[in-house]
Amino acid sequence: MFEPGTPLGGLLLDFPEDQLPQAVIESEVEKLANVYDSLLAIVRDHEGDMQPFERCNARKALGALWQIANGMDLDPDQLYDIGV
């Protein structure tokens with residue numbers, strides 16, 4: 001089990017914002033935005049090449065990342081055009 005504040009894939013889990021410099025927080029938000037943008041590009045560009053289970057899992061992951069990005073006021077695009 002991961003402990004709060006430990007790295008996981010370059011992201012910090014449950015870090016206390018008041019104890020980290022703003023540059024670190026912005027860096028973590030940027031990483032999340034990059035993951036979201038990368039997965040969105042993969043789904044849009046290669047959806048026809050994916051197996052049904054791959055498509056379903058990619059859409060689920062994208063929907064979850066959209067919720068996080070939206071909650072962080074990153075203004076993500078709506079995903080209705082790809083079935084999410």
Residue pair [X] / [Y]: nearest heavy atoms and the distance that separates them:
X: Met72; Y: Val29; result: CE-CG2, 3.2 Å
X: Leu39; Y: Ala58; result: CD2-O, 3.9 Å
X: Arg44; Y: Gln78; result: NH2-O, 3.9 Å

[X] [atom1] to [Y] [atom2] distance, which is reported to the nearest 0.5 Å:
X: Asn57; Y: Arg59; atom1: CG; atom2: CZ; answer: 11.0 Å
X: Leu32; Y: Leu74; atom1: CG; atom2: CG; answer: 6.5 Å
X: His46; Y: Arg55; atom1: NE2; atom2: CZ; answer: 13.5 Å

Begin with the C-alpha distance, continue with both residues' side-chain angles, and end with the deciding distance and a verdict on side-chain contact (heavy atoms from CB on, under 4.5 Å) for Leu40 and Leu79. CA-CA 9 Å; Leu40 179 59; Leu79 302 174; 3.7 Å; yes
Count the heavy atoms of every other residue, nucleotide or ligand shown that sit under 6.0 Å from CG of Asp75, and state whether that count exceeds 12.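 Atom CG in Asp75 is not crowded, with 12 or fewer foreign heavy atoms closer than 6.0 Å.
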Asn70 side chain vs Trp66 backbone, donor-acceptor pair below 3.5 Å: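 Not confirmed, Asn70 side chain does not pair with Trp66 backbone.
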Quick one: does any side-chain atom of Gln67 pair with a main-chain N or O of Ala64 as donor and acceptor, under 3.5 Å?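 Absent.
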For Tyr36 and Leu62: C-alpha separation, side-chain torsions, deciding distance, then whether side-chain contact (heavy atoms from CB on, under 4.5 Å) applies. CA-CA 7 Å; Tyr36 172 81; Leu62 193 55; 3.7 Å; yes
Is any side-chain heavy atom of Ile42 closer than 4.5 Å to a side-chain heavy atom of Glu47?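 No. Closest side-chain heavy atoms not under 4.5 Å.
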